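Because the structure is a prediction, the values reported are computed rather than measured.
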Amino acid sequence: MAEGCPESVTADGRYAVVSGEDGTRVRDLRTGRKGAAFPDDTQVGPDALTADGRTVTFGSAVSYLVPDDTDGESDVFVRQVS
């Protein structure tokens with residue numbers, strides 16, 4: 001298993017959203033490939049990763065993901081990762 005805390009894992013166990021020292025990322029546990037990092041404050045639920053490991057839903061309150069976002073509240077995003 002990749003280093004870090006698995007937040008969400010596909011049913012076949014191939015892909016996981018893992019939070020670790022290098023940030024929160026989707027990882028291919030078969031090849032070891034890591035995707036791009038998510039924002040530092042990313043919130044991911046246990047069912048956030050689609051079955052094929054290509055799409056993740058996550059929450060974040062960082063303002064740079066939404067233009068003119070100044071409310072300081074967390075927003076929900078869907079990100080295609082491969």
Do V44 and V18 sit in the same hydrophobic cluster, where Ile, Leu, Val, Met, Phe, Trp and Tyr count as joined when their side-chain heavy atoms come under 4.5 Å apart? no
Side chains of residues 52-59: which donor-acceptor partners sit under 3.5 Å, not counting sequence neighbours?
| residue | atom | partner | partner atom | Å |
| --- | --- | --- | --- | --- |
| D52 | OD1 | T50 | OG1 | 2.7 |
| D52 | OD1 | R54 | N | 3.0 |
| R54 | NE | S82 | O | 3.4 |
| R54 | NH2 | S82 | O | 3.2 |

Acceptor/donor pairs from residues 68-78 side chains to any protein atom, 3.5 angstrom cut, sequence neighbours excluded:
| residue | atom | partner | partner atom | Å |
| --- | --- | --- | --- | --- |
| D71 | OD1 | E73 | N | 2.9 |
| S74 | OG | Q43 | OE1 | 3.2 |
| S74 | OG | S60 | N | 3.3 |

Residues forming a side chain to side chain donor-acceptor pair (under 3.5 Å) with T42, sequence neighbours excluded: none
All heavy atoms of R79 vs all of A36, minimum pair found to be NH2-CB, 3.6 Å
Tell me, do Y15 and L29 make a side-chain contact under 4.5 Å, heavy atoms counted? no
Please list, chain by chain and in numerical order, all residues satisfying side-chain contact (heavy atoms from CB on, under 4.5 Å) with S63, sequence neighbours excluded. none
Could I get the full list of salt bridge (Lys or Arg N to Asp or Glu O under 4.0 Å) partners for R14, not counting sequence neighbours? D28
Which residues pass the salt bridge (Lys or Arg N to Asp or Glu O under 4.0 Å) test with D41, not counting sequence neighbours? none
To the nearest 0.5 Å, atom CZ of F38 lies from atom OG of S19 at 9.5 Å
